[in-house]
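Working notes, structure below.
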Amino acid sequence: MIKLSYFETFNAVMLSGSMTGAASLLHTSQPNVSRSISRLEKETGLKLFERVPGKLLPTADAIALFEEVQRSFVGLQRLTETAGRIQRSGSGMLRVGAVQALSLSLIPRAVKRFGDAFPEVRLSIQTSHSDVLSGWVREHTCDIAVISHPDGDDMLQREILYTADGVCIMHATHRLANKTVVTPEDLVGERLITFPQGDPPRAAMDRILLDAGVSVSAVIETSYSAITCSLVMQGAGVAVVNPHVAREYLHGSLIVRPFVPAPRHKAVMIFSKGKPLGRPVANFVEILKALVVEDRQQIATLLPARPELIQ
């Protein structure tokens with residue numbers, strides 16, 4: 001088989017128009033270029049150049065060969081570029097799942113940052129409840145999912161993205177906005193917006209109120225944190241929510257205060273056990289973690305009385 005280096009030398013001679021010019025392009029000596037061209041002519045049986053004083057004239061065979069070499073080198077360049085893209089970001093599609101609260105908060109920001117850094121990778125974003133997302137990861141419908149309530153399935157690999165104490169949110173004109181820290185006793189007589197009965201966050205909040213001996217009679221129930229925050233912004237009531245979700249609504253009329261004692265919120269990344277993560281997933285995880293660090297710093301500035309609540 002003819003060495004690729006002979007064709008590289010031939011290409012350089014055709015581009016530069018001389019042996020000396022090719023040597024400069026290839027960072028080698030003129031005798032090395034001359035030897036490579038001679039060997040290429042011998043192994044192909046083609047006469048590639050007419051050597052006249054002061055000139056090197058390509059033959060018709062050389063011109064025909066050069067056209068094919070150019071096509072081959074373009075293909076090789078494309079392969080090299082493709083390999084580089086794969087090395088930087090992976091290839092194909094990244095399929096991400098997340099619970100609704102994060103699909104409207106953390107995930108869109110992560111997708112924007114990921115898309116800017118790795119435009120070659122296509123993305124698919126799905127949202128559902130934690131148990132449904134776990135099934136999608138097991139079935140390889142999602143490459144990664146971020147859930148709130150992981151189960152004990154041995155087929156899943158888990159990594160905690162963050163844990164944080166819930167915070168109390170209210171309209172800027174609400175009486176509780178004047179408090180530094182909100183407690184269960186402060187909720188007496190308030191319209192509390194919370195999760196439906198049976199949801200884990202609702203059970204945690206009910207235990208806190210029960211332990212404090214507080215009864216809240218007027219309750220608005222919704223399964224979606226985005227609706228909760230929107231209701232609070234309308235002055236429909238107060239709520240205790242995940243601070244990473246509340247962060248998206250801290251503009252205008254919504255105020256956040258520490259709530260003590262607070263229900264604990266968790267975000268857990270899940271992957272299919274035994275399946276290599278791949279570069280796109282690893283890059284997306286890195287971006288998620290960076291955003292969480294940024295969010296913690298921002299949330300802490302909004303809770304000057306108790307910055308340790310965000311861990």
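As the structure is a computational prediction, the values presented were derived from the model and not from experiment.
- Linking Ile, Leu, Val, Met, Phe, Trp and Tyr whenever their side-chain heavy atoms come within less than 4.5 Å puts Tyr224 and Ile220 in one cluster.
- Counting only heavy atoms from C-beta outward, the side chains of Asp165 and Phe259 never approach each other to under 4.5 Å.
- The salt bridge (charged side-chain N to carboxylate O under 4.0 Å, His left out) analysis of residues 131-142, with sequence neighbours excluded, yields the pairs Arg138-Asp151, Arg138-Asp153.
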Margin query: Pair Asp211, Arg207 - check salt bridge (charged side-chain N to carboxylate O under 4.0 Å, His left out), show working.
Written below: CA-CA 6 Å; Asp211 291 343; Arg207 280 195 301 272; over 6 Å; no
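- When atom types are taken as modelled, the side chain of Ser34 and the backbone of Gln30 share no donor-acceptor pair closer than 3.5 angstrom.
- Contact between Pro184 and Leu209 at its shortest, heavy atoms only, is CB-CD2, 4.1 Å.
- Hydrophobic clustering of Ile, Leu, Val, Met, Phe, Trp and Tyr side chains at less than 4.5 Å, counting indirect connections, keeps Leu254 apart from Leu104.
- Tested against Phe284 for a ring-ring contact (aromatic ring centres under 6.0 Å, His included), the candidates Phe118, Phe271, Phe114 yield a single pass: Phe114.
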Q.
With side chain to side chain contact (heavy atoms under 4.5 Å, CB included) as the criterion, how do Met269 and Val146 come out once you've worked through the C-alpha distance, each side chain's angles and the decisive distance to 0.1 Å?
A. CA-CA 4 Å; Met269 298 180 291; Val146 188; 4.2 Å; yes
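- Within the model, atoms CD1 of Ile147 and OG of Ser134 stand 4.0 Å from one another, a figure rounded to the nearest 0.5 Å.
- Val238 has its side chain out of reach of Ile193: every pair of non-hydrogen atoms, C-beta onward, lies at least 4.5 Å apart.
- Listed by chain and number, the residues in a salt bridge (charged side-chain N to carboxylate O under 4.0 Å, His left out) with Glu294 are Arg113 (sequence neighbours excluded).
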(request) For the pair Met19 and Ile37, evaluate side chain to side chain contact (heavy atoms under 4.5 Å, CB included) and give the outcome as yes or no after the intermediate values. (result) CA-CA 9 Å; Met19 297 283 188; Ile37 294 300; 4.1 Å; yes
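- Screening residues 172-188 for salt bridge (charged side-chain N to carboxylate O under 4.0 Å, His left out), with sequence neighbours left out, gives Arg175-Glu190, Lys179-Asp186.
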How far apart are the C-alpha atoms of Phe7 and Asn11, what are their side-chain angles, what is the distance that settles it, and do they pass the side chain to side chain contact (heavy atoms under 4.5 Å, CB included) test?
CA-CA 6 Å; Phe7 290 107; Asn11 187 62; over 6 Å; no
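- Closest non-hydrogen pair, Pro258 versus Thr180, comes out as CD-O, 3.2 Å.
- When hydrophobic clusters are built by joining Ile, Leu, Val, Met, Phe, Trp and Tyr residues whose side-chain heavy atoms come closer than 4.5 Å, directly or via intermediates, Val219 is grouped together with Met170.
- Residue pairs that meet the side chain to side chain donor-acceptor pair (under 3.5 Å) test with at least one member in residues 15-27, sequence neighbours left out, do not exist here.
- Here the closest heavy-atom approach between residue Val137 and residue Ile144 is recorded as CG2-C, 4.4 Å.
- A tilted orientation is assigned to the rings of Phe49 and Phe10, their planes being inclined by 30° to 60°.
- Taking a 6.0 Å sphere around CD1 of Ile160, one finds it holds 12 or fewer heavy atoms contributed by other residues, nucleotides or ligands.
- Put simply, OG1 on Thr228 and OH on Tyr249 are 9.0 Å apart, with the number rounded to the nearest 0.5 Å.
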Under 3.5 Å, which donor-acceptor pairs do the side chains of residues 58-65 form with other protein atoms, sequence neighbours left out?
residue : atom : partner : partner atom : Å
Thr59   : OG1  : Lys47   : O            : 2.6
Thr59   : OG1  : Leu48   : O            : 3.3
Thr59   : OG1  : Asp61   : N            : 3.4
Thr59   : OG1  : Ala62   : N            : 3.2

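- Interatomic distance, CG of Asn32 versus CG of Leu26, reported as 10.0 Å (0.5 Å rounding).
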Please tabulate, for side-chain N and O atoms in residues 286-293, each donor-acceptor pair with protein atoms closer than 3.5 Å (sequence neighbours left out).
residue : atom : partner : partner atom : Å
Lys289  : NZ   : Glu159  : OE2          : 2.6

Original post:
Stepwise, does the side chain to side chain contact (heavy atoms under 4.5 Å, CB included) test hold for Val241 with Val232?
Top reply: CA-CA 11 Å; Val241 299; Val232 171; over 6 Å; no
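- A heavy-atom distance below 4.5 Å is not found between the side chains of Asp143 and Pro280.
- Pro196 and Thr222 get closest at one heavy-atom pair: CD-O, 3.5 Å.
- The stretch residues 10-39 participates, sequence neighbours left out, in no salt bridge (charged side-chain N to carboxylate O under 4.0 Å, His left out) pair at all.
- At a threshold of 4.5 Å between non-hydrogen side-chain atoms, the residues Ser148 and Gln100 do not count as touching.
- In this structure Asp206 satisfies the salt bridge (charged side-chain N to carboxylate O under 4.0 Å, His left out) test together with Arg202, sequence neighbours excluded.
- Judged purely by atom type and a 3.5 angstrom limit, Arg191 has no side-chain atom pairing as donor or acceptor with the backbone of Gly235.
- Inter-residue side-chain proximity for Val240 and Ile208 is flagged as unmet; no heavy-atom pair is nearer than 4.5 Å.
- Sequence neighbours left out, the pairs with a member in residues 231-252 that pass salt bridge (charged side-chain N to carboxylate O under 4.0 Å, His left out) are Arg109-Glu248, Arg247-Asp295.
- By the 4.5 Å heavy-atom criterion applied to side chains, Val69 and Met14 are not counted as neighbours.
- When the side chains of ILVMFWY residues are joined at heavy-atom separations under 4.5 Å, either directly or via intervening members, Leu102 and Val132 end up in a single hydrophobic cluster.
- Taking the side chain as every heavy atom from C-beta outward, Val111 and Val96 never approach each other to under 4.5 Å.
- Residues passing the salt bridge (charged side-chain N to carboxylate O under 4.0 Å, His left out) test with Glu68, sequence neighbours excluded: Arg71.
- No donor-acceptor pair closer than 3.5 Å links the side chain of Ser253 to the backbone N or O of His171.
- Between the side chain of Thr9 and the backbone N or O of Val33 there is no donor-acceptor pair closer than 3.5 Å.
- Gln70 CD to Leu15 CG: the interatomic distance, rounded to the nearest 0.5 Å, is 5.5 Å.
- For Pro108, the side-chain contact (heavy atoms from CB on, under 4.5 Å) test picks out no residue, with sequence neighbours left out.
- Across Leu187 and Val216, no two heavy atoms sit closer than the pair O-CG2, 4.1 Å.
- Residues Glu41 and Leu46 fail the side-chain proximity criterion, which asks for heavy atoms closer than 4.5 Å.
- Although no hydrogens or angles enter the test, the distance criterion places a donor-acceptor pair under 3.5 Å between the side chain of Asn242 and the main chain of His244.
- Taking a 6.0 Å sphere around NZ of Lys112, one finds it holds 12 or fewer heavy atoms contributed by other residues, nucleotides or ligands.
- Between Ala164 and Pro243 the shortest heavy-atom distance is CB-CG, 3.7 Å.
- No donor-acceptor pair under 3.5 Å is formed between the side chain of Ser36 and the backbone N or O of Tyr6.
- Counting only distance, with no hydrogens or angles, the side chain of Arg95 and the backbone of Met93 share no donor-acceptor pair below 3.5 Å.
- Take Arg122 and apply the salt bridge (charged side-chain N to carboxylate O under 4.0 Å, His left out) test, not counting sequence neighbours, and it matches no residue.
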